[in-house]
Amino acid sequence: DDAEESQQSPSTMLPSVPASHPPLWLTCLAVLAYHTEYILSFSFVSLVEPITYGTCDALRRLLIIVVGNRMFRGDRFSKTNLGGILMALVGALMYSITSAGGGGGA
């Protein structure tokens, strides 16, 4: 028995994953949403400074994480997760305040 198990390919040792697929309409909607976001992203990057674009992109990713967690009823956020979310929001807020005030640099 041990000799037979050691000769199996690695793919046969992995647990099988059910071949369930999301509904076609949901897949098409996801593709359309991604394509729209991609096009809008390129339009937006030409309108703003690179640091503003980076800040908005970080907030967009944060929103995707939070909304996705709620939509799919994921695990509750840990204190570390909540601290990171809060830090990202405070950083974006501070950036908005300083950039609206003229930058305040030397």
Side-chain angles (χ1 to χ4, degrees):
D1 276 334
D2 289 336
E4 287 178 21
E5 286 180 17
S6 65
Q7 293 179 359
Q8 290 180 346
S9 69
S11 63
T12 58
M13 290 189 226
L14 297 173
S16 63
V17 177
S20 61
H21 299 282
L24 182 61
W25 67 268
L26 185 58
T27 302
C28 291
L29 183 65
V31 168
L32 181 65
Y34 180 78
H35 180 72
T36 303
E37 186 268 335
Y38 193 71
I39 297 299
L40 290 174
S41 177
F42 276 105
S43 300
F44 184 64
V45 78
S46 66
L47 299 174
V48 297
E49 296 291 323
I51 190 72
T52 302
Y53 178 77
T55 303
C56 290
D57 190 49
L59 288 174
R60 178 189 62 85
R61 291 177 187 204
L62 181 64
L63 183 67
I64 288 170
I65 291 169
V66 171
V67 170
N69 184 276
R70 294 294 166 221
M71 278 180 60
F72 298 108
R73 293 181 173 83
D75 295 336
R76 295 185 62 120
F77 289 120
S78 69
K79 289 180 181 181
T80 304
N81 297 135
L82 292 173
I85 290 169
L86 180 64
M87 193 178 345
L89 290 174
V90 168
L93 177 65
M94 295 304 295
Y95 170 75
S96 292
I97 290 170
T98 58
S99 66

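The basis for the numbers below is simple: all heavy atoms, side chains too, and nothing from hydrogens, waters or symmetry mates.
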> How long is the straight-line distance from CZ of Phe44 back to CG of Asp57, given to the nearest 0.5 Å?
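Interatomic distance, Asp57 CG to Phe44 CZ, rounded to 0.5 Å: 9.5 Å.
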> Give the minimum heavy-atom separation between Phe77 and Val66, together with the two atoms involved.
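Looking at all heavy atoms of both residues, the shortest contact is CZ-CA, 4.1 Å.
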> Linking I/L/V/M/F/W/Y whenever their side-chain heavy atoms sit closer than 4.5 Å, directly or via other members, would Tyr95 and Leu89 fall into one cluster?
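No.
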> For Arg61, is the CZ atom crowded, meaning more than 12 foreign heavy atoms sit under 6.0 Å from it?
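Atom CZ in Arg61 is not packed in, count stays at 12 or less.
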> Val45 and Val48: same hydrophobic cluster, using ILVMFWY side-chain contacts below 4.5 Å?
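Yes, it is one cluster - the side chains of Val45 and Val48 are joined through contacts under 4.5 Å.
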> Decide whether Phe72 and Val67 are clustered together by the hydrophobic rule: side chain heavy atoms of Ile, Leu, Val, Met, Phe, Trp, Tyr closer than 4.5 Å, transitively.
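Yes: a chain of side-chain contacts under 4.5 Å links Phe72 to Val67.
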> Kindly say whether Arg76 contributes a backbone atom to a donor-acceptor pair with the side chain of Asn69 at under 3.5 angstrom?
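Not at all, since once roles are kept as given, no pair shorter than 3.5 Å links the two residues.
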> Can you measure from CH2 (Trp25) to OG1 (Thr27) and round to the nearest 0.5 angstrom?
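Answer rounded to 0.5 Å: 9.5 Å.
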> Say you draw a straight line from CG of Leu93 to OG1 of Thr55; how long is it, rounded to the nearest 0.5 Å?
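OG1 of Thr55 is found 11.5 Å from CG of Leu93.
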> Taking atom OH of Tyr34 and atom CD1 of Ile39, what is their separation to the nearest 0.5 Å?
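Result: 10.5 Å between the selected atoms.
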> Mind checking the OG1-CG spacing from Thr36 to Leu32? Nearest 0.5 Å is all I need.
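Separation between the atoms: 4.5 Å.
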> Any idea which heavy atoms bring Ala88 and Leu59 closest together, and the distance?
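That closest heavy-atom pairing would be O-CD2, 4.4 Å.
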> Taking atom OG1 of Thr80 and atom CD1 of Ile85, what is their separation to the nearest 0.5 Å?
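So the OG1 of Thr80 and the CD1 of Ile85 are separated by 11.0 Å.
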